[in-house]
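Below, chain A is the first sequence line, B the second, and so on; all start at residue 1.
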Number of protein chains: 2
Amino acid sequence: MTKKHNFNPGPAVLPPFTVDKTIEALKDYDGTGLSIMEISHRSKEFQAVMAEAQALMKELLEIPMGYSVVFLGGGASTQFFMIPYNLMKNKAAYLNTGSWATKAIKEAKFFGEVVEVASSADKDFSYIPKDYDIPVDADYFHITTNNTIKGTEIFEDYDVAVPLVADMSSDIFSRQMDVSKYGIIYGGNQKNIGPAGATFVIVKEDILGKVDREIPSMIDYRTHISKDSMFNTPPVINIFSALQTLKWFKSLGGVPELEKRNIEKAELLYNEIDRNTLFVGTAAKEDRSRMNVCFIMEDEYKQLESDFLEFAVGRGMIGVKGHRSVGGFRASIYNALPIESVQALVDCMQDFEAQHA
Amino acid sequence: MTKKHNFNPGPAVLPPFTVDKTIEALKDYDGTGLSIMEISHRSKEFQAVMAEAQALMKELLEIPMGYSVVFLGGGASTQFFMIPYNLMKNKAAYLNTGSWATKAIKEAKFFGEVVEVASSADKDFSYIPKDYDIPVDADYFHITTNNTIKGTEIFEDYDVAVPLVADMSSDIFSRQMDVSKYGIIYGGNQKNIGPAGATFVIVKEDILGKVDREIPSMIDYRTHISKDSMFNTPPVINIFSALQTLKWFKSLGGVPELEKRNIEKAELLYNEIDRNTLFVGTAAKEDRSRMNVCFIMEDEYKQLESDFLEFAVGRGMIGVKGHRSVGGFRASIYNALPIESVQALVDCMQDFEAQHA
């Protein structure tokens, strides 16, 4: 069988270490005689998993004092309403950089006034807006740091006067960052950390408890912080697998090494897109995502689109088809994707060019 | 190593079939060359998993037309607030049969008036209240059919004049039932279906859409029904594992066979509790749960409690300690627990009696 190169946008490629350790744990976890799926979440074995996962999040991301890390179910989509539920008194500011930001805005409108400070909808979300004002009376400012569908990314930790809330589902751990600039950082695990089914939330405790509305227990971040993510039964296996990826990150050298590798992988692929006569990138160059590389056929070769997809699939490339809402191609090159897979895609693009250009 | 007998209250014992199939799928799912954790939830492979899981829920539980089955994240605790969010206009009726019912009531109070129609708190929730009136203007009536902590169970499908909502986290699939009597049946998967991290909701569609409040997308059952549980990324591996258990149920002969086995297992254990001079059951006999068997030491042997626990652990019994809020013993004997494990516990009780009585 051809080796597979997994460019899926999420759920996505995981380190072989994570997959292997999860298989081991499914067979017999830590000498308990039970599968990890059958142990109690209140057992000392799982308490240790949860504690280590939270500690490694803090260590690897250099999370300062005053912040908590919780793991929840429900996906980042659940955070879209939990954030305003917990933080919005009257008004919140949102930057609209694509489909996910648009969804986050939609949910926030249930809770108060949403000020869209800027949008890149005018150019099909192909860039990150830079010049805008944030209302000083906004309860928070929400950004989506990486836009999986359109392939743009914010690389800067913004300095803003209100709590900064960031959906980092698709670029957490991909670069060094200053967590102290943020009020909340959240994301689904399934792109850069682990399997689908768990969500991480990094929250600065002192921004909570300021709204007047009553908050049901499961929606209130303070519930989960006070119970160390054990208020209810957490997604055990999903958190166990995520922990394995965090261990793998640490063994590599942590976020600085991941960032180095991600820059290398992204440059390799974007350089080929820019060089290759058949393809063209869709995102503004200065905002090109290091996680999701979006490209299309040059106009004169548009008719070759499905041929290239078929050619790529034949070479073991999985998930290079663009999002159903945009077409073209997208290679998701998350933390766990080896550079060999990027090289294989580049080779594929060059061979296809040799046949068709 | 001593064979383990897993009496954990949840996450709980799973069929070996479920564990084995999940391990296989983690290695290479269905010839994709990827782990099940790495495939897209929008791939045809996972779409088939979701569709089959929903279809088997409908087939095994004989769910009538007009009902949908969705799988969500967040656990049954999330349902505690989703139910009133979707159903409560002004007033809801709740039967208070224990800790979980109490938690459900607490969350419902965020949304309107809660009428507690009856409670067994007067006798430490050791029975199911039978005589009470349900206000005819209640928007729904909520019950917890099985009380994992106190070991009581409702075996009847109540006939009530308002939509009946049931938390069946711990007894779904344990007995034949008439789904048409219910408006919503929900539960965490981790006791009787699969690993923690997914929640099933069976919902009668025509009870939805009657409240005035605006409902954020992720909280609105209609969102998940209309998108076939694919509005956002579902917990892929958790649903895959649940499907394996559903297949195993079917291979055994479905719910009638499960009910037969559950009655047999429960009788075996309760008969021993009633016969054995050391132990006494805590629940009212007519309400004894077939899923969670709660018992304590007779007063004169109270000092042997920790000795028995140690003795049981030495015989490979896991999870027989009572809930931290009640003490004593609890054997959770869910669908997947083989009768051999119940027999092993009975043998253990008899041998301990021979040593100490």
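Atom CG of residue B/Asp20 and atom CG of residue A/Leu26 lie 10.0 Å apart, to the nearest 0.5 angstrom. Here the straight-line distance linking atom OG of A/Ser40 with atom NZ of B/Lys321 works out to 11.5 Å at 0.5 Å rounding. To the nearest 0.5 Å, the span separating CD1 on B/Ile215 from CZ on A/Phe81 amounts to 11.5 Å.
Using a 4.5 Å cut-off between heavy atoms, A/Pro84 makes no contact with chain B at all. Neither the backbone nor the side chain of B/Thr199 comes within contact range of chain A; no heavy atom of the residue lies under 4.5 Å from a heavy atom of that chain. When heavy atoms are compared at a cutoff of 4.5 Å, A/Arg42 approaches chain B solely by way of its side chain, counted from C-beta outward. For B/Leu72, no part lies near chain A; criterion is any non-hydrogen pair under 4.5 Å. Contacts between A/Lys27 and chain B at a heavy-atom distance below 4.5 Å involve backbone atoms as well as side-chain atoms. B/Phe111 touches chain A through its side chain: at least one heavy atom from C-beta onward sits under 4.5 Å away, while N, CA, C and O do not. Proximity to chain B is limited to the side chain of A/Ile318, based on heavy atoms less than 4.5 angstrom apart. Only the side chain of A/Tyr85 comes within contact range of chain B, judged by heavy atoms closer than 4.5 Å. Proximity to chain B involves both the backbone and the side chain of A/Glu214, based on heavy atoms less than 4.5 angstrom apart. Proximity to chain B (any heavy atom under 4.5 Å) is restricted, for A/Ser35, to the side chain, taken from C-beta onward.
Counting heavy-atom pairs under 4.5 Å between each of A/Ser217, A/Gly10, A/Pro235, A/Gly194 and chain B puts A/Ser217 at the top. Looking only at heavy-atom pairs under 4.5 Å with chain A, the residue among B/Gly197, B/Gly73, B/Ala196, B/Pro11 that has the most is B/Pro11. With chain A as partner, the option from B/Thr18, B/Val236, B/Leu34, B/Ile36 having the largest number of non-hydrogen pairs under 4.5 angstrom is B/Leu34. Note: B/Pro216 leads B/Gly74, B/Pro216, B/Ala336 in heavy-atom pairs under 4.5 Å with chain A. Of the listed residues (B/Ser77, B/Gly319, B/Pro9), the greatest number of heavy-atom pairs within a distance under 4.5 Å of chain A belongs to B/Ser77. Of the listed residues (B/Leu14, B/Ile237, B/Thr22), the one with the most heavy-atom contacts under 4.5 Å to chain A is B/Leu14.
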Decide yes or no on side-chain contact (heavy atoms from CB on, under 4.5 Å) for A/Glu38 and B/Asn8, but give the supporting numbers first. CA-CA 8 Å; A/Glu38 301 178 299; B/Asn8 274 335; 5.7 Å; no
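Pairing each heavy atom of A/Met37 with each of B/Ser241, the nearest pair is SD-OG, 3.7 Å.
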